Amino acid sequence: MSKNYRLITTDGRAKRGALETVHGTVQTPCFMNVATVGAIKGAVSTDDLHCIDTQVVLSNTYHLHVRTGDELIKRYGGLHKFMNWDGPILTDSGGFQVFSLATLRHIKEEGVTFRSHIDGHKIFMGPEESMQIQSNLGSTIAMAFDECPSSRADRDYVEKSVARTERWLVRCKTKMAELNSLPDTVNPHQMLFGINQGAVFEDIRIKNADAISKLDLDGYAVGGLAVGETHEEMYHILDETVPHLPQEKPTYLMGVGTPENILEGVRRGIDFFDCVYPSRNGRHGHAYTHHGKMNLLNARYELDHRPIEEGCNCPACRSYSRAYIHHLLKAKEMLGMRLLVLHNLNFYNHMMTEIRSAIEAHDYDAFADEFIAKMKAGEDI
RNA sequence: GGGUGGUUUCCCGAGUGGCCAAAGGGGACAGACUGUAAAUCUGCUGCAUCUUGCUUCGAUGGUUCGAAUCCAUCACCACCCA
């Protein structure tokens, strides 16, 4: 397995690292931009992604499997070629869909039977199937196939689920090694990240973290957070769990989150994040700024000549006013959504740049506290 | 000039004697969304001293215990015949 992660410096528990991949080096902490079906929703192109300094794109195994099909993408030459993105791509395993498509599935030891949300046909996905699909896609980093239990699941269920996810992880590792050694593999250097689970039960989390750490994977994710528990519970679980994951490997907090969640995650030793918020909220009219979040659909912006945020270098702020974007959103013109998605992703990507500088300067705690306070104050917007 | 149909709360539009402050859309206003079944979903939209009271359904007058709903007159709109 790879020795590709380099820890550049630390500040408290915060890590400043670099992950070498066949598709380039990722500077961490890093926010991955979510492109579930091979595109960032909101008509964002890969050219756009270069303009807003995106490092890593995240795509989804289940969604690409049911449409358009991973075998077809493999025949095309892999996902990188297909979507014309030569930077790193992380593929989620479909594990989250085990959780979010709960009404359409049935879980067993071998894997999960889904009903396709597209046409209702039956699909079976287990660790081997998920690894096969991710290998066909040829992503840079594959995620282990896991179950993400609900934050309301009882202790007994979570214990059994985590034990099964642990057994699935061993099967993922075996299958990936096999796939990477095949002659026609799209990306023979595909990496594998394992996933820690355990809902809000810290002892289950710690036991699981210790166990999966021994598997010497390329990286380790904390999954199953931000699914209904409080922020305090989430931060507490990170406090207790992250120290039990290998520090010399990249860590990834899956599906998180708000700018504040990310700042707190970095403080607790997380390298990678991803979240639908900047793109989805952009489509829904929300813009992130250093002074808080604003809803551009609100009438108060109808004659506001200012850009979303003064000094922002994104395509929206460089050329357009709040008033014009408000109008575009009201008129349901796609450009309105597109500009907000670009602004928000640019905001997140650049927040990560600021975070890396603060860790390098060994001033992270003060930086994070001030960043969060400023966003909460919501002044001048 | 004659005939017929119509005028409902921001707009369209249902309602033909009490359960109507008035269905349903749209718009407006606000909120939610955390490994995206999400350009989606939710709330709200006469006034007030808001678990109750008041004023609304073109205008005025009438019938009735009770009218957006029935009658009369007037105003305006649409179409048809001259």
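None of the values given here were measured: they were computed from a predicted structure. Each chain gets a letter, A, B and so on, in the order the sequences are listed, and its residues count up from 1.
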(message) Could you check whether A:Tyr277 and A:Asn344, counting side-chain N and O atoms only, form a donor-acceptor pair closer than 3.5 Å?
(response) no

(message) If I pick the P atom on B:G5 and the same atom on B:A72, what distance separates them, to the nearest angstrom?
(response) 13 Å

(message) Is it true that A:Tyr252 and A:Asp274 share a donor-acceptor pair across their side chains at a distance under 3.5 Å?
(response) yes

(request) Between protein and nucleotides 30-36 of chain B, map the contacts as a letter string: B base, S sugar-phosphate only, - none, heavy atoms under 4.0 Å, written 5' to 3'. (result) SSBBBBB

(message) Quick check on contacts: within residues 106-128 of chain A, what sits under 4.0 Å from RNA chain B by heavy-atom distance?
(response) A:His117

(request) Provide the Watson-Crick or G-U wobble partner of B:A59, both distances under 3.5 Å; none if there is no partner. (result) B:U73

(message) Taking only the P atom of each, what is the distance from B:C57 to B:A23 in whole angstrom?
(response) 16 Å

(message) With rounding to the closest Å, how many angstrom separate the C1' atoms on B:U9 and B:G35?
(response) 48 Å

(request) Check the side chains of A:Asp271 and A:Tyr5 for a donor-acceptor pair under 3.5 angstrom, ignoring hydrogens and angles. (result) yes

(request) Please state the C1' separation for the pair B:G66 and B:A14 - nearest whole angstrom. (result) 23 Å

(message) Rounding to an integer number of angstrom, what distance separates B:C80 and B:A67 when you compare their C1' atoms?
(response) 32 Å

(message) For A:Gln97 and A:Arg105, which I'm curious about, is there any donor-acceptor pair between the side chains at under 3.5 Å?
(response) no

(request) On the 0 to 90° scale, with breaks at 30° and 60°, tag the A:His23-A:His80 ring pair as parallel, tilted or perpendicular. (result) parallel

(message) Going by purine N1 to pyrimidine N3 plus the second Watson-Crick contact, or the G-U wobble pair, all under 3.5 Å, which nucleotide sits opposite B:U64?
(response) none

(message) Return the pairing partner of B:C44 with a 3.5 Å limit on both distances, Watson-Crick or G-U wobble; otherwise return none.
(response) none

(request) Take atom CZ of A:Arg155 as the centre, draw a 6.0 Å sphere, and report whether it contains more than 12 heavy atoms from other residues, nucleotides or ligands. (result) yes

(request) Determine the interatomic distance between P on B:G6 and the same-named atom on B:C70; round to the nearest Å. (result) 10 Å

(message) For A:Lys173 and A:Asp216: C-alpha separation, side-chain torsions, deciding distance, then whether salt bridge (charged side-chain N to carboxylate O under 4.0 Å, His left out) applies.
(response) CA-CA 10 Å; A:Lys173 189 183 171 187; A:Asp216 190 31; 5.8 Å; no

(request) Establish, from distance only, whether the side-chain atoms of A:His350 and A:Asp53 form a donor-acceptor pair under 3.5 Å. (result) yes

(request) Could you let me know what B:U4 is paired to, Watson-Crick or G-U wobble, both distances under 3.5 Å, or none if it's on its own? (result) B:A78

(request) Write down the partner of B:A14 under the Watson-Crick or G-U wobble criteria, each distance required to be under 3.5 Å. (result) none

(request) Sticking with atom P, work out how far B:G26 lies from B:G13, rounded to a whole angstrom. (result) 15 Å

(request) Pick base, sugar-phosphate or nothing for A:Leu104, based on heavy-atom distances below 4.0 Å to the nucleic acid. (result) base

(request) Indicate whether any N or O donor in one side chain lies under 3.5 Å from an N or O acceptor in the other, for A:Gln190 and A:Ser139. (result) yes

(message) With side-chain contact (heavy atoms from CB on, under 4.5 Å) as the criterion, how do A:Arg167 and A:Glu109 come out once you've worked through the C-alpha distance, each side chain's angles and the decisive distance to 0.1 Å?
(response) CA-CA 9 Å; A:Arg167 293 191 292 275; A:Glu109 181 64 27; 2.8 Å; yes

(request) Could you give the distance separating B:C11 and B:G27 at their C1' atoms, to the nearest angstrom? (result) 7 Å

(message) Please name the nucleotide paired to B:A23 by Watson-Crick or G-U wobble geometry with both distances under 3.5 Å, or report none.
(response) none

